Enquirer: 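Can you read through this structure? Questions will come right after.
Remember, it's a predicted structure, so these values are computed and weren't measured experimentally. Just so we're on the same page: letters track the sequence lines, and every chain starts at 1.
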2 protein chains.
Amino acid sequence: MDALQSLRRRYLQLVDNLSPSARTAYDAVTRRELLPKGYYLCRQGFVCRTIATLQSGSARIFHLKPEGRSGATDVTTAFFFPGDFVTSFQSFYLQVPSQSAIQLLEESAVTLLDYDALQSLRAAYPEIDQIDRLSNDYYTMWLEQRIFSLQFHTAAERYADLLRNEPYLVQKVPLSYIASYLGITLETLSRIRARID
Amino acid sequence: MDALQSLRRRYLQLVDNLSPSARTAYDAVTRRELLPKGYYLCRQGFVCRTIATLQSGSARIFHLKPEGRSGATDVTTAFFFPGDFVTSFQSFYLQVPSQSAIQLLEESAVTLLDYDALQSLRAAYPEIDQIDRLSNDYYTMWLEQRIFSLQFHTAAERYADLLRNEPYLVQKVPLSYIASYLGITLETLSRIRARID
DNA sequence: AAGCCGATTTGACTAATGTCAAAAACGGTC
DNA sequence: GACCGTTTTTGACATTAGTCAAATCGGCTT
C-alpha cells in the first residue's frame, strides 16, 4: 500500500519533469477544459476515445445494469481524484465499447488526450511511454488491493478504510455511490455509520 | 471478455514469433525446469525475484492470514494456467516483499526469468518490452473483470462461470481453494454444488 | 477387504445483509 | 420560515451465508 503510493509519486514526478520537447509536443495535442458537474467523460456502450488527467475535482466510474426489479441499478466501481488518469481502461486501451460510464462528481479541470495522440507521443518520447506504463502499473496494483479488500475485509472495515483514505469523499457524494462501491446496499451502509459514532 | 482473450492471443503470438536475435538472448537468460506439485514459486513475505512462464501444469496464488480462530486461513486469489506469466505482480515489478505465495498445483514445466534479466531484455528488444506491456494489460483487464464478478455476481453465478471457463480446475483442486477464490466458505460452495445437479 | 485419513456433504443454528416501506433529516426555493 | 423533493435513517421481516459439529464419501495402505 505504501509501495503503491510511491509508485504514484514516481509517475507524477515524471509528468512534472517532462523534457521541453516532450512538453511542447504534449501541449500541442492536449486541451485543458473546465467541465461541469455531471459531465460524462465516457458513456457506457461507447468507445472511450480520450484519457483525462484530473487537475482538480473528482469523478466516478460506474456500471448500469438494466435488469433490477426496481429500475436500473447503478454500481460505482471507482472514484477518481486529482493526479489520476481517468478513463475506462479496457475501452481506451483496446478501443472497444466501454462497459461503464465515467461522470464528474463536481466541476473539474481536466487535460484531455486522444488515443491516437497518446500512441504517437509514446512512440516519439520514451519518457511519455514510461509514464503511461507506470500509471498502468499503478492502476493494476490498485486493482489488486481492491480485490484484497473486497475478499478479506467486512463492509464495515472497507468503509473505515475509505473514511481514512478519502475523507472528503464522504462529504460530497451520495451514500448510494459509496454503498455500491463497497458492495452493499445503502441501508446497510447507513446502519454501519450509525454503529460507528 | 472476448476482448480479453484476443489480447491474450496477441501476446502469446508475439512470444511465438520472437526475432532470432531476441530469441537467442531470451534463451540465454532463461532456464526451463520441471517442478514438482507443491513447489513454491514465491513465498509470502519475500521478494519475488523471478517470473515464470507456465508451459504445462497449473498454480495458484494465495494469501495466508494469521488471525483466524481455527488456525490460519488460506485464501486463494487466482489460478494460473499454461501461457500465463506467473508472478506476484506488485512484488515482482516493484521488488518488494510479496503479500502472497504462489504454489504449483501439480507438476509443471516452467520457464524462469529473473527480474534483472527481464529489464535488460526489455531495454534491448522492443518486442519483448511489448510482450511485457501487453501481458500486464491483459492482467489488468483480468483484474477488472474479476472485480466486476465479485461485485455483480452471486457466488452461484461465479461458480458457474468458473465451471464454464476452467472446467478441468474443478476436477483437480480441493474445494477449499475454489471456495476462498469465490469468496465463500467451502460449506456454502458444497451447497451450491448440491443445488446445481 | 478392512481401516484410515482427508475431503466433502449435510444438519441445526446464528449472524449478517437484503428488501420493502415508512419516517425523519437535509437543502434549496419561493 | 414554510414547502417540496431528495437523501438518509429506521423498522420489520425474509433471505443468504457463516459457524460448528457430525456423518458420509473416496482414495490409499496394509
Side-chain angles (χ1 to χ4, degrees), chain A residues 36-38 58 60 62-63 65-76 79 103 105-107 149-163 167-197, chain B residues 36-38 58 60 62-63 65-76 79 103 105-107 149-163 167-197:
Chain A
K37 172 175 178 169
S58 55
R60 70 175 181 125
F62 65 99
H63 174 73
K65 54 173 186 179
E67 41 123 354
R69 48 239 133 253
S70 46
T73 48
D74 153 341
V75 181
T76 297
F79 295 101
Q103 189 179 32
L105 292 170
E106 56 192 318
E107 186 182 70
S149 146
L150 285 170
Q151 228 175 349
F152 293 119
H153 299 319
T154 63
E157 290 171 326
R158 275 178 271 142
Y159 180 67
D161 283 354
L162 196 67
L163 267 187
Y168 34 99
L169 190 126
V170 182
Q171 321 292 23
K172 56 185 168 195
V173 319
L175 275 199
S176 59
Y177 296 175
I178 297 174
S180 69
Y181 175 71
L182 297 174
I184 56 181
T185 62
L186 79 171
E187 293 95 331
T188 300
L189 177 55
S190 177
R191 291 189 172 101
I192 287 171
R193 282 155 60 95
R195 261 188 286 136
I196 282 180
D197 38 60
Chain B
K37 172 174 178 171
S58 55
R60 69 174 181 128
F62 65 99
H63 174 75
K65 54 173 186 177
E67 40 121 356
R69 49 239 132 254
S70 48
T73 46
D74 152 341
V75 181
T76 297
F79 295 101
Q103 189 179 34
L105 292 169
E106 56 192 317
E107 185 182 69
S149 146
L150 285 170
Q151 229 175 347
F152 293 118
H153 298 321
T154 63
E157 289 169 328
R158 277 178 269 142
Y159 179 68
D161 283 355
L162 196 67
L163 267 186
Y168 32 98
L169 190 126
V170 182
Q171 320 292 23
K172 57 184 167 193
V173 318
L175 275 199
S176 58
Y177 296 175
I178 297 174
S180 69
Y181 175 72
L182 297 174
I184 56 180
T185 61
L186 80 171
E187 292 96 329
T188 299
L189 177 54
S190 178
R191 290 189 174 102
I192 287 171
R193 282 154 60 95
R195 260 187 288 138
I196 283 179
D197 40 58

Enquirer: Starting from the 5' end of DNA chain C, give me the residue, L186(B) or A155(A), whose nearest nucleotide shows up first.
Expert: L186(B)
Enquirer: Over its full length, what angle do the end axes of the helix from dA1(C)-dT30(D) to dC30(C)-dG1(D) make, each axis taken from five pairs and the result rounded to 10 degrees?
Expert: 30°
Enquirer: dT8(C), OP1 or OP2 - any side-chain N/O from R193(B) closer than 4.0 Å?
Expert: no
Enquirer: In whole Å, what is the span from the CG atom of L175(B) to the C1' atom of dT10(C)?
Expert: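 From L175(B) CG to dT10(C) C1': 14 Å.
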Enquirer: Looking only at side-chain N and O atoms, does R158(A) offer a donor or acceptor that is under 3.5 Å from a partner on Y181(A)?
Expert: no
Enquirer: Taking atom P of dT10(C) as reference, at what distance in whole Å does atom CG of L189(B) sit?
Expert: 12 Å
Enquirer: For R191(A) and dT9(D), is the shortest distance between a side-chain N/O and OP1 or OP2 below 4.0 Å?
Expert: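 It does not, given that no N or O in the side chain of R191(A) lies less than 4.0 Å from OP1 or OP2 of dT9(D).
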Enquirer: Out of I192(A), T154(A), I178(A), which one pairs with I184(A) under the side-chain contact (heavy atoms from CB on, under 4.5 Å) rule?
Expert: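 When side-chain contact (heavy atoms from CB on, under 4.5 Å) is applied between I184(A) and each of I192(A), T154(A), I178(A), only I192(A) qualifies.
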Enquirer: Looking only at side-chain N and O atoms, does T185(B) come under 4.0 Å of OP1 or OP2 in dA17(D)?
Expert: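 No, because none of the side-chain N or O atoms of T185(B) sits under 4.0 Å from OP1 or OP2 of dA17(D).
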Enquirer: Quick test: give all pairs of protein nitrogen or oxygen and nucleotides 24-29 of chain D nitrogen or oxygen below 3.5 Å, distance rounded to 0.1 Å.
Expert:
none

Enquirer: Measure from CD1 on I184(A) to P on dT19(C) and round the result to the nearest Å.
Expert: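 Taking atom P of dT19(C) as the reference, CD1 of I184(A) is at 12 Å.
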Enquirer: Give a yes/no on whether any side-chain N or O of T188(B) is located under 4.0 angstrom from OP1 or OP2 of dG18(D).
Expert: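 T188(B) to dG18(D) OP1/OP2: side-chain N or O found under 4.0 Å.
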Enquirer: Whole-Å distance between dA16(C) P and Y159(A) OH?
Expert: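 Rounding to the nearest Å, OH of Y159(A) and P of dA16(C) are 19 Å apart.
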Enquirer: Side chain of E106(A), backbone of V173(A): donor and acceptor closer than 3.5 Å?
Expert: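 No, because the side chain of E106(A) does not come within donor-acceptor range (under 3.5 Å) of the backbone of V173(A).
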Enquirer: Can you figure out which of dG18(D), dT10(C), dT8(D) approaches the side chain of A194(B) most closely?
Expert: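 Closest nucleotide among those given: dT10(C).
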Enquirer: Quickly work out the E187(B) CD to dA17(D) C1' distance and round it to whole Å.
Expert: 10 Å
